[in-house]
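So that the names make sense, note that chain A is the first sequence line, chain B the second, and so on, each numbered from 1. Side-chain atoms are counted along with the backbone in the values below, which use heavy atoms only and exclude waters and symmetry mates.
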Number of protein chains: 2
Amino acid sequence: MKKGNPTIHEIARALNINSSTVSRALNDSSRVTQKTKEKVLAKAKELGYQRNLLASNLRRSRSNTIGVVVPRISRHFFSSTIAGIEEAAFSAGFNVIICQSLEALDREQRIVKNLIANRVDGILISVSMETTNSKHLEYFRDNGIPLVFFDRHCADMPDASKVLIDDRQAAYDAVTHLIGKGCRKIAHFSGPQELRIYKNRLKGYKEALRDNQITYNPKLVLTSKLMEADGYASAQKLLESSKDVDGIFAANDVSAIGAIKYLKKQGKQIPEDMAIVGFSNEPISEAIEPSLTTIDQSGFEIGKIACDLLVDNIRSRESTGIHNKTIFIDTTLIERGSTQKNG
Amino acid sequence: MKKGNPTIHEIARALNINSSTVSRALNDSSRVTQKTKEKVLAKAKELGYQRNLLASNLRRSRSNTIGVVVPRISRHFFSSTIAGIEEAAFSAGFNVIICQSLEALDREQRIVKNLIANRVDGILISVSMETTNSKHLEYFRDNGIPLVFFDRHCADMPDASKVLIDDRQAAYDAVTHLIGKGCRKIAHFSGPQELRIYKNRLKGYKEALRDNQITYNPKLVLTSKLMEADGYASAQKLLESSKDVDGIFAANDVSAIGAIKYLKKQGKQIPEDMAIVGFSNEPISEAIEPSLTTIDQSGFEIGKIACDLLVDNIRSRESTGIHNKTIFIDTTLIERGSTQKNG
DNA sequence: CTGTTAGCGCGTTCAG
DNA sequence: CTGAACGCGCTAACAG
């Protein structure tokens with residue numbers, strides 16, 4: 001058993017033809033006879049030839065790879081996004097390098113550097129909570145390498161391609177829903193305002209209040225990193241200071257779950273005296289269903305669409321150039337417990 | 001702005017030195033003066049030099065990349081495993097290519113082929129439900145490329161490296177736990193017997209029964225693909241035919257959840273007249289907590305350990321050679337609802 | 001339709 | 001300590 005893999009030269013020598021012909025045959029070029037193709041393919045199989053993409057990529061100076069950067073792989077939203085990306089990339093013939101920033105800017109920077117060194121053909125990114133500027137992403141714009149933001153994007157790259165949900169609208173709908181259920185004192189758990197998505201969700205919250213003649217009270221807006229513990233603490237803080245809060249609009253799912261856990265511990269009947277709405281990514285547990293209405297966003301779909309867009313950009317790069325655009329994904333307001341109420 | 005990236009030659013020319021020196025400086029070789037190193041590094045930064053890993057990898061004929069194959073990224077167990085792998089790989093300086101087989105053998109074969117073409121330095125794999133033989137993995141053994149199975153492995157590669165949980169023991173513990181709670185008629189939801197893990201879980205089930213003088217009844221073993229719908233259907237089938245089943249040991253979490261959903265729909269008080277134990281990967285919802293005791297396996301830890309082992313194998317490949325071994329990860333029996341009972 | 005030539009960008013000899 | 005030269009495996013360009 002030889003160590004090194006056989007190369008196109010070895011199969012060329014065995015067939016007494018030139019290695020270029022072998023290369024062309026292997027790539028199913030139209031400029032090779034069917035006959036030689038068959039001979040080459042047969043010999044390749046016989047020798048156990050395995051194409052070396054490293055060499056191929058170097059020569060063509062493309063890596064055939066898409067870089068993906070997410071804050072945390074294990075979060076349900078991102079793992080389903082990745083599933084969608086994988087799906088789209090695989091059928092387009094691209095490999096995918098997945099990296100997680102763990103919400104840290106310095107790590108995100110290192111990752112981006114590594115992706116550049118790997119000469120990725122394009123990059124899909126959902127930025128970390130610490131990412132307030134896009135300096136480390138300039139390279140891609142400067143070198144004409146396609147980049148698509150999804151979900152979390154940078155405010156200072158307005159002209160980049162983005163696949164987003166309409167946060168303002170979704171928040172508006174959520175809060176309107178709460179108001180429709182009779183809530184008047186609605187709190188909002190908000191995230192870092194440097195991130196566009198949280199800013200827009202706050203905006204939608206305010207607009208819904210305004211359109212329903214409810215005075216905006218800044219004290220009802222609690223900003224945090226939106227971890228479960230934050231939601232728990234926020235709910236605690238809220239209920240201890242002013243007891244007349246009757247609704248919560250949480251800017252993500254886990255903080256909403258934190259709030260519910262606190263309320264449950266206090267023995268509150270959540271459906272009765274408190275309505276909660278959150279942006280949902282996680283599969284919401286059934287215990288929470290009766291009280292938590294969610295604005296759902298399909299991670300899989302976002303990933304698939306973002307990757308398709310990126311692949312489009314990669315392919316059109318050489319011909320028509322990159323056309324950046326923003327795609328908005330629909331969200332669905334799911335009122336849980338409604339089936340339970342009926343059943 | 002130039003199109004192509006600057007190469008070591010350009011920075012060599014700018015400094016009037018040879019490109020080899022630049023290469024060495026960039027790689028922090030001991031055979032270069034500190035002074036030249038500094039000059040090179042400064043010039044590199046100035047020109048915006050970005051090392052081309054494609055070329056580097058081709059030359060060194062290694063890709064610096066680990067291939068990971070899982071059945072489905074969006075499943076919680078695998079996404080946490082991947083998080084662990086990512087973590088370990090990142091700190092060891094490896095990239096990771098993640099691929100999902102979607103439980104299909106033909107897709108798994110294509111993936112493996114692609115990984116080989118990409119000249120991965122090693123591979124981590126949890127095989128699909130359809131994978132009953134390891135023909136497509138022979139290449140790695142034949143070419144001395146490290147391979148580590150985790151969780152789901154191939155029976156016909158006994159000498160490969162593996163990171164597993166002790167399925168037999170865990171199943172034994174789970175069933176013993178049910179018996180301790182007073183169950184005598186315990187059903188088992190089992191998976192494809194071609195997969196070692198399900199075979200071993202069945203084995204543990206049988207042994208626990210035997211050691212407690214309970215006669216094994218094959219009719220209580222329902223084999224399926226263990227989806228949620230399967231669990232639902234199995235529970236239904238079970239309860240409709242023989243009403244005296246008082247315990248279920250499900251070989252995974254989602255099938256257990258399916259069973260619980262069915263029972264709930266029937267208005268059964270699960271904690272009272274039915275005990276359920278399942279292998280847990282998903283974050284189990286609180287609604288289920290009171291009734292579902294789980295055998296928990298930490299995906300993150302399994303991933304991290306598997307990747308560490310693989311990196312070890314990759315590194316020792318050139319020196320001492322690969323030493324295959326199997327590592328068993330501990331599982332934890334978590335009895336949910338116990339806190340609830342106390343509180 | 002096929003062969004020849006010349007690199008892609010880097011790392012690694014071997015000299016000096 | 002540094003320079004010159006070669007080659008990793010493949011493919012683009014140009015011949016024929």
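Between B:Q34 atom CD and D:dT2 atom C1' there is a gap of 16 Å when expressed in whole angstrom units. Between the NE2 atom of B:H9 and the P atom of D:dA4 there is a distance of 11 Å, given to the nearest Å. For the pair B:N18 CG and D:dC6 C1', the computed distance is 13 Å after rounding to whole Å. One can place NZ of B:K35 at 16 Å from C1' of D:dT2, the figure rounded to the nearest angstrom.
Using a 4.0 Å heavy-atom distance criterion, A:N27 is classed as a sugar-phosphate-only contact.
Contact footprint of chain B on DNA chain C: nucleotides with an atom under 4.0 Å from a non-hydrogen protein atom, first to last in 5' to 3' order, C:dG9 to C:dT13.
Side chains of B:S134 and B:D156: a donor on one and an acceptor on the other come within 3.5 Å. B:S23 and B:S20 share no side-chain donor-acceptor pair at under 3.5 Å.
Listed by residue number, B:Y49, B:R51, B:N52, B:A55 are the residues of residues 38-55 of chain B with a heavy-atom contact under 4.0 Å to DNA chain C.
When all heavy atoms of B:S161 and B:H323 are compared, the pair lying nearest together is OG-O, 4.1 Å. For the pair B:D308 and B:A88, the tightest heavy-atom approach, listed with the atom from each and the gap, is OD1-CB, 3.5 Å. Summarising the geometry of A:C307 relative to A:I66, their closest heavy-atom pair is SG-CD1, 4.1 Å, with the distance given to 0.1 Å.
Both B:L26 and A:S61 lie near DNA chain C, and the one whose nearest nucleotide falls closer to the 5' end is A:S61.
Under 4.0 angstrom from either OP1 or OP2 of D:dT2 there lies at least one side-chain N or O belonging to B:T36.
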Check nucleotides 12-16 of chain D for protein N or O atoms closer than 3.5 Å to its own N or O atoms and list the pairs.
| unit_1 | atom_1 | unit_2 | atom_2 | d |
| --- | --- | --- | --- | --- |
| D:dA13 | N6 | A:R24 | NH1 | 3.4 |

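No option in B:H136, B:E103, B:E194, B:R152 other than B:H136 meets the side chain to side chain contact (heavy atoms under 4.5 Å, CB included) test with B:T131.
By the neighbour-count criterion of 12 heavy atoms within 6.0 Å, atom NZ of A:K37 is densely surrounded, having more than that number from other residues, nucleotides or ligands.
The residues A:K304 and A:E301 are annotated as not salt-bridged, no charged nitrogen and carboxylate oxygen being separated by less than 4.0 angstrom.
Under a 3.5 Å cut-off, the side chain of A:T21 and the backbone N or O of A:I17 do not form any donor-acceptor pair.
Taking the centre and axis of the six-membered ring of B:F90, the NZ or CZ atom of A:R110 falls outside the cone set by 45° and 6.0 Å.
Annotation: the span from B:L309 atom CG to B:F149 atom CZ amounts to 12.5 Å, rounded to 0.5 Å.
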